[in-house]
Structures are given as C-alpha cells and as structure tokens.
Amino acid sequence: MSDSWEVVIGMEVHVQPGTRSKMFCGCSIAELNAPPNTHVCEICLGMPGVLPVPNRAAVGACLKTALALDCEIPRHTKFDRKNYMYPDLPKGYQISQYDLPMSVNGHLDVGARRVRIRRVHLEEDTGKLIHAGDRLHKAWESYVDLNRAGVPLMEIVSEPDLRSADEARDYAMELRAVLRTIGASEADMEKGQMRVEPNISIRRAGSPDLGVKTELKNINSFRALHRAITFEVERQSRLLESGGEVVQETRGWSEAEQRTFSQRSKEFAEDYRYFPEPDIPPLELDRVWIEDLRGALPELPAVRRGRLAAAHALSATDAALITSDRDLADLFEGAVAAGAPAKQTANWIVGEVAPSGKLPSAKNLAELVGLVVDGRITRDQGREVLAESVETGRTPAEIVAEHAYSQMSDASEMRVLAEAVIDSNPKAVADYRAGRKQAMQALMADLRKRAPQANPKLANDLLVKLLEKSI
Amino acid sequence: MTGSDLTELTIKEAIRLLRLGSISSADLVTAHVERIERLDPHVKAYLRFTPEVWEKQAEEADRRIRQGDARPLAGIPMAVKDVLCVRGVETTAGSQILRGFKPPYTATAVARIFEAGAVMLGVTNCDEFAMGSSTENSGYFPTRNPWDLGRVPGGSSGGSAAAVAAGEAVFALGTDTGGSIRQPAALCGVVGMKPTYGRVSRYGLIAFASSLDQIGPLARSVDDAAVVLSLMAGFDPLDATSSTRSGMEVLNNSAGGVKGMRLGVPREYYDVQGIEPGVKAAIDAALFILRNAGAEIVDVSLPHTDYGLAAYYIIAPAECSSNLARFDGVKYGLSEVDAPNITEQYLQTRRKGFGTEVRRRVMLGTYALSSGYYDAYYLKAQKVRTLIKRDFDEAFKRCDAIVSATSPTVAFPVGAKTQDPLSMYLCDVLTLGGNLAGLPGISVPCGTADGLPVGLQVLGPQWGENVVLRVARTYEEASGMRAEVASVV
Amino acid sequence: MPLSKDEVRHVATLARLGLEPGDEEFYADQLSGILGHIDRLQELDTEDIPPTAQVVEIESRLRDDKPRACLTQEEALANAPAKVDGFFRVPAIQEEA
Ligand SMILES: [Mg+2]
Ligand SMILES: [Zn+2]
C-alpha cells in the first residue's frame with residue numbers, strides 16, 4: 001500500500017458481563033455446547049404478555065467498566081427498543097440504549113495513543129442461527145437456538161482514533177486486560193464473550209475529512225483482527241488507487257479464505273424506529289452505589305504494568321503479559337514479596353505458569369524459584385515439581401524431598417553416565433568429532449533422559465573432555 | 001333456589017350462601033353452565049370454556065369451605081378476557097395469529113384471583129389485541145349486547161361485560177387501554193373498573209399499548225369490583241412498572257359517603273361532541289343524586305380534551321406496532337411455514353393472521369415512529385400527553401374526583417361504525433384521558449336511555465382508587481341502581 | 001397530511017405486513033383520514049413541554065442476578081409451528097451474499 005494513505009479505525013466491542021442469569025429474565029447463561037433451546041423461558045422466547053426486568057449485576061458490570069474507562073455516568077439513563085424483525089430476535093425488537101446510554105466520554109490509553117470512548121451501554125444478545133445449505137445455492141432453511149437470546153452485552157464504542165492494525169489489536173488486548181482486571185468479564189473471544197467489530201476507512205495523509213468506512217464482523221481472535229484489518233486496508237487502498245470507490249457496508253472476515261467479503265445488507269433498508277422501552281421505567285442510578293464501585297476498582301493494568309516494570313526492571317513484554325491478567329500479576333507480586341528474585345519469577349510465570357493456565361500459590365512459586373536458583377534442582381526437575389505442586393497443593397520442598405531430587409555432581413557417577421551416553425550414540429559422536437558441534441545437543445538430551453538430576457554444566461564439560469581426548 | 005337466582009348473585013351474596021352451606025361451588029358452576037348453554041349461542045360472550053379448570057377449582061373450593069378455610073373468592077364462577085394468559089389454556093388475544101397458542105405461564109393478576117379461590121368458567125371474546133370499542137374486531141366472531149342482540153356490547157372487553165350482564169359469570173376480568181373496561185361496562189349495564197397505571201401487574205397480559213394497559217374487574221356491584229381489584233393489585237417482581245403499594249390500599253376508607261367531597265364536572269366532557277340527550281339526562285339525574293348525598297358539584301376544565309384522541313392514536317399504535325412484531329410465525333401461533341424465504345413467511349403470516357383494524361394500527365404506529373416522522377408524531381404526542389396529565393393535575397386541585405358519562409352514546413347497532421374507524425375511535429373520547437394520565441376510573445350503571453344502559457364514570461387522582469370507589473358506592477346506594485341481569489331471550 | 005400509496009407500501013414493508021390487491025388504496029384512504037384528525041396536534045405549541053413516556057412515578061427497580069428454572073426444550077418448542085432436533089425451523093434467510 002502506498003504510504004500516502006492514512007488509516008482511520010474505530011472500534012465497536014460487545015462484551016458479555018460475567019453474570020449468572022440473563023439481562024431481563026432469570027435464565028441461566030448456557031455453556032457453548034448446551035443443547036439448543038434449553039436455557040430459555042417465556043421471557044427470552046418473547047412469548048405474548050411477558051415483561052423484562054433488568055439484571056442488577058449486569059448494570060453493575062457496565063458501570064464498573066464505564067468507571068475503569070473514565071466515562072461520565074449521567075444521572076438519568078433509560079432503555080430503548082430497536083425495532084427490526086429477524087428470526088434470532090424473538091420479540092421483533094432488541095432492548096438496547098439509544099439517546100441516554102449508561103455512560104459517555106471516556107478514554108483508554110494504548111501505548112502512546114489516547115483512544116476516546118464515545119459510550120458504553122447495555123443491551124441484550126440475539127439467538128443463534130444455523131443455516132442448512134451452502135454459499136453457492138444459499139441456505140434453504142435455517143434453525144434457531146435462543147439460548148443466547150437475552151444474554152447481557154455491554155457495547156463499548158470508541159471514536160475513530162486508531163491508526164493501524166497493530167494499534168487496533170493492542171486496543172482490544174488492553175480492553176480485555178481492563179475487563180478481566182476489574183472482574184467485569186472474562187472477555188474470551190473464542191467463547192464469544194468479546195466480539196470486536198472494527199470500522200475502517202482510509203484517507204490521504206493530512207486530509208481532515210474521513211473516507212467511506214466499512215465495518216468488519218465475524219472476527220474470533222486478536223490475530224484474525226489484525227489480519228482482517230490489514231486485508232481491508234489493502235483492499236480499500238487498491239480500490240481507490242485504481243480509481244474505484246469504497247462502498248459503505250458491513251463485510252465479514254472469512255478465516256478459511258483469509259479475506260473479507262461483502263455481507264449483503266438486509267433485503268429492506270432498515271429503519272430501527274427507536275423509542276423508549278415502556279416496560280422499564282427510566283433508571284435513576286444510585287450515586288452511592290456508583291461511588292462504592294469507583295472506590296472498589298483495583299489498580300488498572302496500565303498503572304500496574306508501569307509500577308512492576310519500574311520496581312523490578314521487567315522487560316516491557318514480560319510486564320505486559322503478567323499484567324494482562326490480574327491473577328498472574330498478583331502471583332508475581334506475591335512470589336516476589338515471599339522473597340523470590342523478580343527476574344526469574346517473571347521467567348517462570350511467562351514461560352511455565354501462563355501457558356499452562358494453572359496457578360500455584362505465591363508461596364509455592366517463590367519456594368520453587370528459590371530451589372532452582374540455588375541449584376538444588378534442575379529446570380527440568382523444576383517443571384515437574386511445579387506441575388505436581390499445582391496438582392497436589394504440596395510444597396516444592398516436600399516434593400523434592402520425596403523424589404530425592406537433587407543434582408548429580410559426583411565425578412565418578414558422572415563419568416560412568418557420560419561414557420554410557422557416548423557408547424550408545426556412535427552417530428552423534430562421529431558427527432561431533434567431524435566438527436558438527438551441535439551434535440552435543442543430542443548427547444546432552446540422552447544424558448538428561450538417563451539422569452534428569454545431572455548438573456547440566458558439569459555433564460557438558462565432561463562430555464566435551466571425553467570426546468576431545470579419545471581422538 | 002332456582003338456577004336463575006344463582007346466576008344473578010353478586011360475589012357478596014354468593015359468598016354468604018356458600019359459607020352458610022346452603023349452596024356449593026358445584027351448584028353455582030352448574031347453574032352458570034346451564035345458563036351459558038341456553039344464552040351464549042345468542043350472546044357469544046365466550047370464545048372457549050375450561051371444564052378441566054373449573055372442575056378442579058370448584059372441587060377444591062368446596063373442600064376448603066367445608067374445612068372452614070375458605071379463601072376470599074372461594075367457589076365464585078368467573079371469566080377471563082382472551083388477552084390474559086392462563087397456563088395450558090388456549091389464549092389468542094381474539095386473533096387468528098395466536099390460534100392454538102397455549103402459554104406455559106399464567107398472568108400474575110389471574111394467578112392471584114385463582115389463589116383467592118375463584119373458579120374459571122372460560123375465556124371471553126374481545127376485539128383483536130384489544131383494539132376496538134365494539135368487539136366486532138374479534139378474529140373469531142362478534143359478541144352481542146345482552147340487552148339488545150342487534151347491538152354491540154362495547155369493547156374491547158365486550159365478552160367479559162356481556163358475560164356478567166347476561167348472568168354467564170359472577171364477575172370477569174378485562175383490560176383497559178383507552179376505555180376497554182369502562183365503555184363495555186357502561187353499554188352492558190355493569191360495573192367496570194380501571195386501576196391506576198402500575199396498580200396491577202401486567203405480567204401475562206398480551207400487550208396492546210404497554211404504557212396504557214391495565215387489568216381490571218367487571219362485576220355487578222362496586223363492592224364486588226373493589227374486592228376483586230384489591231386481590232389482583234400489588235407489587236409483582238415480574239413487572240418493573242408495578243407499584244410496591246399494597247393492594248389492600250384501594251379499600252382504605254373507600255366507603256362512608258361523599259358528604260363534603262367536591263366532584264368536578266369537566267365542561268369539555270359534559271358537552272362532549274355527539275353526546276346523546278338521553279345519556280346527558282341520565283348524567284344530570286346522577287349529579288342530582290350525588291348532590292343530595294352531600295357532594296358539592298364543581299365546574300372544572302380539561303382544556304386539552306380535544307387533543308386526547310389524537311395523542312392516543314399516535315401513542316397506542318406506536319407501542320402496538322412494536323409489541324406485535326413478535327408475531328412472526330417462528331415460535332408460536334399461525335405460520336406460513338412453507339413460504340420460500342423468511343421475509344415471505346413474515347409477510348404472509350401477518351397478512352393472514354392480523355385483521356383490518358390491527359393492520360391499520362400497526363401501519364399507523366410504524367409510520368409515527370419511522371425516521372423523519374418521529375418528532376412530528378410520536379414525540380409530539382408524548383408532549384401532548386404531558387399537557388393532558390397537567391390538565392388533570394389542575395382539575396384535581398379543585399375537586400376530589402371527576403364525574404362524567406362513560407360513553408357519549410348507548411350501545412349502537414352492530415355494523416354501525418365498522419366502516420368509519422374515526423367514529424369508532426370517538427367512543428373512547430371520555431375514557432382515554434384517564435389512560436393517558438394513568439388515573440383510576442370506574443363506570444357504574446346509571447339508568448337507561450331508550451331502554452339501553454348508561455354508565456356514570458368516576459375518575460380519581462393517581463392511586464385514588466379509594467376515592468373513586470367511595471363516590472361510586474355512594475351513588476350506587478343512593479340511586480338504588482344495581483347492575484341488572486339481562487333476560488336476553 | 002395525507003398518506004400516499006407509496007408511503008403505505010413503505011410502512012407495510014417496514015412492519016412486514018403483506019398487502020393484497022387494493023390494500024394500498026384502502027389503507028392510504030383510511031390512514032389519511034385518521035392522520036387528518038391527528039394533525040390537530042400541530043396546533044399546540046409544545047416547545048418547552050417535556051415528553052411523558054412513563055405517566056406514573058415508579059422508582060427504577062433492578063432484579064437480583066439469581067437464575068430461576070428455565071423451560072424444558074419440550075415446553076419451549078411446544079407451540080412451535082416448525083421444529084427440528086430441538087431447534088425452531090425457519091425458511092431460507094436471504095442475507096449473506
Ligand atoms: Mg449493539
Ligand atoms: Zn429466559
């Protein structure tokens with residue numbers, strides 16, 4: 001793409017707050033694999049005569065999010081009806097918020113960029129449609145599952161302040177970190193708890209007015225988000241450079257084809273006919289409640305990231321990963337407080353704990369890091385101890401004692417072992433002697449297999465010595 | 001006692017006999033079923049009968065009465081308007097689009113009446129989705145006025161009013177969005193009451209216009225209406241617009257005469273366009289009786305009366321256009337399942353399922369909300385609603401309650417207004433103000449004009465049901481005018 | 001203001017109401033009559049008048065986040081005109097290209 005183009009991206013993110021019941025009825029929230037239409041009642045099925053009553057926990061989560069994003073929370077807010085008929089919308093209207101949203105005018109800092117948040121409001125999700133048929137011949141019929149109908153959603157709308165695919169992805173990741181830190185939502189994209197819809201336009205660098213934008217849907221991961229935006233920017237610039245023009249439309253991202261495709265807008269031009277939801281009186285938000293929520297907000301990821309990086313000389317990437325999840329950050333600070341060295345603790349969290357997703361207690365992690373740092377056990381042994389400690393909750397010290405883990409440093413023992421390794425790996429030995437030093441890796445691997453407790457440094461030196469000598 | 005005696009009782013009288021053990025609930029039911037079999041083929045008040053329900057309920061009521069723990073309405077046969085959902089009972093809002101729909105839930109108000117021991121005989125006819133003033137808009141068949149089978153019973157709760165007037169139920173439940181309880185009560189010569197908006201839970205009431213709908217009783221005496229209302233009223237966690245006030249509040253000093261009370265007569269109502277001389281004469285007589293009973297009759301004004309109908313016919317259709325969007329043939333009711341695509345299913349299902357009046361109002365409401373017209377119509381109507389509410393606030397500074405005719409006319413001949421929607425809408429000109437302002441109102445029988453019943457309407461300030469009941473009760477006693485049961489044929 | 005046949009067609013489309021031959025004239029005529037009456041609202045100056053959406057003062061009430069029993073799949077689908085393996089079935093949706 002010629003660099004004379006400036007990319008302009010705004011984000012519309014739908015997040016499912018972590019509630020136990022739906023937005024306007026008492027139905028429990030369904031697991032992804034739940035059988036169809038088993039988490040529904042007369043209310044979320046839109047049967048005649050039923051009425052919505054808003055879920056306090058959903059309102060609370062929305063307010064917390066608004067506060068974390070530094071939004072203003074107006075005294076009066078209300079729900080409105082967005083009218084359109086579609087089979088995944090049981091009432092023929094979605095209860096959402098139109099002109100008096102729960103909150104407005106916030107911001108989220110992403111790196112050096114301040115992204116303005118236009119509004120955070122509350123609404124209800126629709127059901128799911130499964131189409132029988134194929135793209136070529138069109139669906140001949142569809143099946144409706146209303147388990148998700150009425151599930152609460154927070155809609156977080158940003159101003160078009162982002163300028164690249166990277167920034168857009170970082171914004172989404174930062175937002176998820178905030179949502180997890182304040183406990184508003186797990187915001188798991190794969191589980192559909194967070195749906196990101198970027199709207200993208202490009203304009204000549206320096207031009208004050210915005211170009212025609214397209215909105216992207218069906219994005220299920222941060223990677224897909226980045227790729228979809230990159231593809232769309234490419235497409236738009238090629239279009240404009242070839243003298244064509246961008247059509248304002250919604251485009252879907254196809255993971256399979258790695259491209260965006262036009263989603264033909266509904267057969268009729270829609271006119272949503274918003275009007276105030278008469279079944280729900282306007283909300284007078286309790287200021288005391290709001291102040292309690294504000295007071296209870298934990299340290300936000302950006303702040304904590306800065307503090308940890310500064311206090312413990314962590315790399316930016318380590319600090320970012322650790323603070324992306326409140327539990328990881330707590331674990332890190334707990335272990336360090338328990339006396340573990342920061343750098344190594346960070347390595348263990350980034351390299352072992354985070355990928356496994358299973359967290360040990362801070363005390364146990366501190367103990368483990370200590371054992372490895374003091375050379376009492378090898379890193380490999382450390383991994384096993386960590387796993388077992390998480391599994392059983394027992395302390396690393398106990399586990400090490402039980403398995404009689406310790407490093408082998410005894411020269412004679414080591415020699416026997418080293419010779420055994422050399423004898424049984426003629427190929428590697430030949431290679432090494434032929435000058436292919438990387439063959440040493442194979443020998444070390446075999447040695448570690450035979451004796452995990454062998455001190456790697458000593459073993460390596462010994463092998464080298466034996467190989468050089470017997471030429 | 002003869003069957004006809006048993007079908008002319010008030011709730012109060014029936015309860016006395018039941019408690020004395022001189023009759024059983026089963027006797028009451030049998031007497032009503034016999035009368036229904038004889039008269040309803042002519043009146044057509046009922047859409048469906050519910051023997052499976054009444055047998056269980058009557059049996060339990062008789063058992064409890066024998067055991068001496070009778071509930072307040074134990075054993076009383078009653079009827080339910082077709083817009084109130086009853087678990088397992090076909091409920092269709094008088095529309096073909098809901099044919100065969102059996103709700104898996106019961107409306108809160110109905111559940112409370114069942115809880116109080118009442119016995120449901122069946123489902124009464126109404127204008128489709130309660131849109132109408134004559135019950136001629138029913139998707140099934142029109143109901144006739146028991147006093148003159150050539151005339152309408154009023155509407156939309158025409159089946160409930162006719163059932164009570166014809167001795168086919170001791171009382172019935174109706175709904176009132178612009179006058180749909182009070183106007184048919186007036187035209188059928190029974191008592192009908194619409195409570196303050198929010199007094200009775202709307203959960204399970206198939207919505208017409210959510211910000212106007214209320215459920216209320218149709219009965220043979222003010223006492224009966226008061227008791228039934230008090231049992232239905234009160235907070236319901238399933239309705240965010242239901243008030244936390246106690247239902248029993250409606251009975252607090254709701255008796256004791258009108259001495260020293262000021263009753264306002266709005267000149268805009270008294271001389272309303274098209275009011276029949278006979279109706280006016282009956283109202284004059286009623287005012288005379290109330291004055292003799294010690295009330296001071298004062299002149300009040302509701303200056304925006306002429307705009308009420310216009311505001312109502314924006315707000316109600318707008319809300320109904322949204323409320324009726326759920327009837328899409330996907331989850332329940334009529335459906336053109338073999339349509340080539342979903343849009344065709346919608347178009348065909350809703351063309352076949354909705355009657356002319358419903359389609360008219362859905363279009364009107366859709367238009368009023370559509371982009372470019374919202375401010376000129378919907379928003380404007382909501383502002384005028386504020387003016388109308390203020391009119392009443394002002395009036396209630398000068399009086400304790402407002403009295404007027406319920407309907408400008410007596411029951412009109414079948415077919416007389418079906419070709420001219422506006423003339424039909426004008427039937428509600430004296431009642432819809434109460435809905436726009438959320439006020440409690442009642443219609444009580446006040447004599448006849450040309451041999452047909454006339455209704456006296458009493459409106460009170462919000463939450464002033466007890467004031468309304470007090471005036472109505474006083475008039476009922478002083479006039480000696482009680483709801484008669486029509487002999488029909 | 002009177003309603004044209006085109007406006008009737010547009011409104012019927014928005015409301016997903018199928019029209020039969022003659023309906024456009026019929027409803028254009030009737031709705032125009034009603035709107036003729038309704039237009040008197042424009043006589044009133046409502047510049048500084050707030051709209052009324054809720055006519056009685058009812059304090060906003062929120063629900064506790066407590067799940068209650070759902071319907072069974074059978075109950076949920078009992079009234080369904082068309083169903084397949086626990087789903088509601090609908091005809092083709094002309095939506096995605
Ligand atoms: Mg949304
Ligand atoms: Zn539900």
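- Contacts between B/Leu426 and chain C at a heavy-atom distance below 4.5 Å are absent for every atom of the residue.
- Counting only N and O atoms by type, the side chains of C/Tyr27 and B/Arg359 include a donor and acceptor under 3.5 Å apart.
- With a threshold of 4.5 angstrom between heavy atoms, C/Leu41 approaches chain B through its backbone and through its side chain.
- For a residue to count as touching a neighbouring chain, one of its non-hydrogen atoms must lie under 4.5 Å from one of that chain's; by this rule B/Pro237 does not touch chain C.
- Only the side chain of B/Tyr425 comes within contact range of chain C, with at least one heavy atom under 4.5 Å from a heavy atom of that chain.
- Applying side chain to side chain contact (heavy atoms under 4.5 Å, CB included) to C/Pro91 and the options B/Thr343, B/Ile342, B/Asp338 leaves one that passes, B/Ile342.
- Most heavy-atom pairs under 4.5 Å with chain C, from the set B/Leu379, B/Ile315, B/Thr244: that is B/Thr244.
- In this structure, the portions of C/Leu17 lying under 4.5 Å from any heavy atom of chain B include both its backbone and its side chain.
- With a threshold of 4.5 angstrom between heavy atoms, B/Ser210 does not approach chain C through any atom at all.
- A donor-acceptor contact shorter than 3.5 Å is absent between the side chain of B/Thr366 and the backbone of C/Ala15.
- Looking at C/Leu77, neither its backbone nor its side chain comes within 4.5 Å of chain B, counting heavy atoms on both sides.
- For the options C/Gly33, C/Ala12, C/Ala80, C/Pro50, heavy-atom pairs under 4.5 Å to chain B are most numerous at C/Pro50.
- No donor-acceptor pair closer than 3.5 Å links the side chain of C/Arg61 to the backbone N or O of B/Ser243.
- Here C/Glu7 contributes atom CD and B/Tyr367 contributes atom OH; the two are 4.5 Å apart, rounded to the nearest 0.5 Å.
- Within a 6.0 Å sphere centred on CD of C/Glu57, heavy atoms belonging to other residues, nucleotides or ligands number 12 at most.
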Show the numbers, then the answer: is there a side-chain contact (heavy atoms from CB on, under 4.5 Å) between C/Ile38 and B/Tyr377? CA-CA 9 Å; C/Ile38 285 170; B/Tyr377 287 115; 3.9 Å; yes
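- When atom types are taken as modelled, the side chain of C/Arg16 and the backbone of B/Tyr346 share no donor-acceptor pair closer than 3.5 angstrom.
- Side-chain atoms of B/Lys383 come within 3.5 Å of backbone N or O of C/Thr46 as a donor-acceptor pair.
- A distance-only check finds a donor-acceptor pair linking the side chain of B/Lys380 to the backbone of C/Leu44 [under 3.5 Å].
- Ionic pairing of B/Arg87 and C/Glu75 is present here: one or more N-O contacts between side-chain nitrogen and carboxylate oxygen are shorter than 4.0 angstrom.
- Contact of B/Gln419 with chain C is made through the backbone alone, with heavy-atom distances under 4.5 Å.
- Contact check for C/Leu14 versus B/Met363: no side-chain heavy atoms found under the 4.5 Å cut-off.
- Annotation: the span from B/Leu309 atom CG to C/His37 atom NE2 amounts to 4.0 Å, rounded to 0.5 Å.
- When heavy atoms are compared at a cutoff of 4.5 Å, B/Gln348 does not approach chain C at all.
- Between chain C and the options B/Ala325, B/Gly198, B/Ala437, B/Ser211, the largest number of non-hydrogen pairs under 4.5 Å is found for B/Ala437.
- Comparing C/Leu35, C/Leu71, C/Asp23 by how many heavy-atom pairs each has under 4.5 Å with chain B, the most go to C/Leu35.
- Put simply, CZ on C/Phe88 and NZ on B/Lys331 are 8.0 Å apart, with the number rounded to the nearest 0.5 Å.
- Contacts of B/Tyr373 with chain C are made by side-chain atoms alone, with heavy-atom separations under 4.5 Å and no backbone atom involved.
- Considering only heavy atoms from C-beta on, C/Ile49 comes within 4.5 Å of B/Leu387 through its side chain.
- Under a cut-off of 6.0 angstrom, the local environment of CD in C/Glu59 is crowded, with over 12 non-hydrogen atoms contributed by other residues, nucleotides or ligands.
- In terms of heavy-atom pairs under 4.5 angstrom with chain C, the leader among B/Leu364, B/Val330, B/Leu324, B/Leu422 is B/Val330.
- With a threshold of 4.5 angstrom between heavy atoms, B/Tyr378 does not approach chain C through any atom at all.
- In this structure, chain C has a heavy atom under 4.5 Å from the side chain of B/Phe354, while its backbone stays farther away.
- No side-chain donor-acceptor contact under 3.5 Å links C/Gln54 and B/Tyr197.
- In this structure a side-chain-to-backbone donor-acceptor pair under 3.5 Å is missing from C/Thr52 to B/Arg385.
- B/Leu436 touches chain C through its backbone: at least one of N, CA, C or O sits under 4.5 Å from a heavy atom, while the side chain does not.
- Residues C/Leu19 and B/Arg351 have side chains not in contact (no heavy-atom distance under 4.5 Å, counting atoms from C-beta outward).
- Between the B/Gln462 side chain and the C/Val55 main chain, a donor and an acceptor come within less than 3.5 Å of each other.
- Heavy-atom distances place no part of C/Leu62 under 4.5 Å from chain B, backbone and side chain included.
- Heavy atoms of B/Ser370 lying under 4.5 Å from chain C belong exclusively to its side chain.
- The backbone N or O of B/Ala240 sits nowhere less than 3.5 Å from a side-chain atom of C/Arg63 that would complete a donor-acceptor pair.
- Counting only distance, with no hydrogens or angles, the side chain of C/Gln42 and the backbone of B/Ala376 share a donor-acceptor pair below 3.5 Å.
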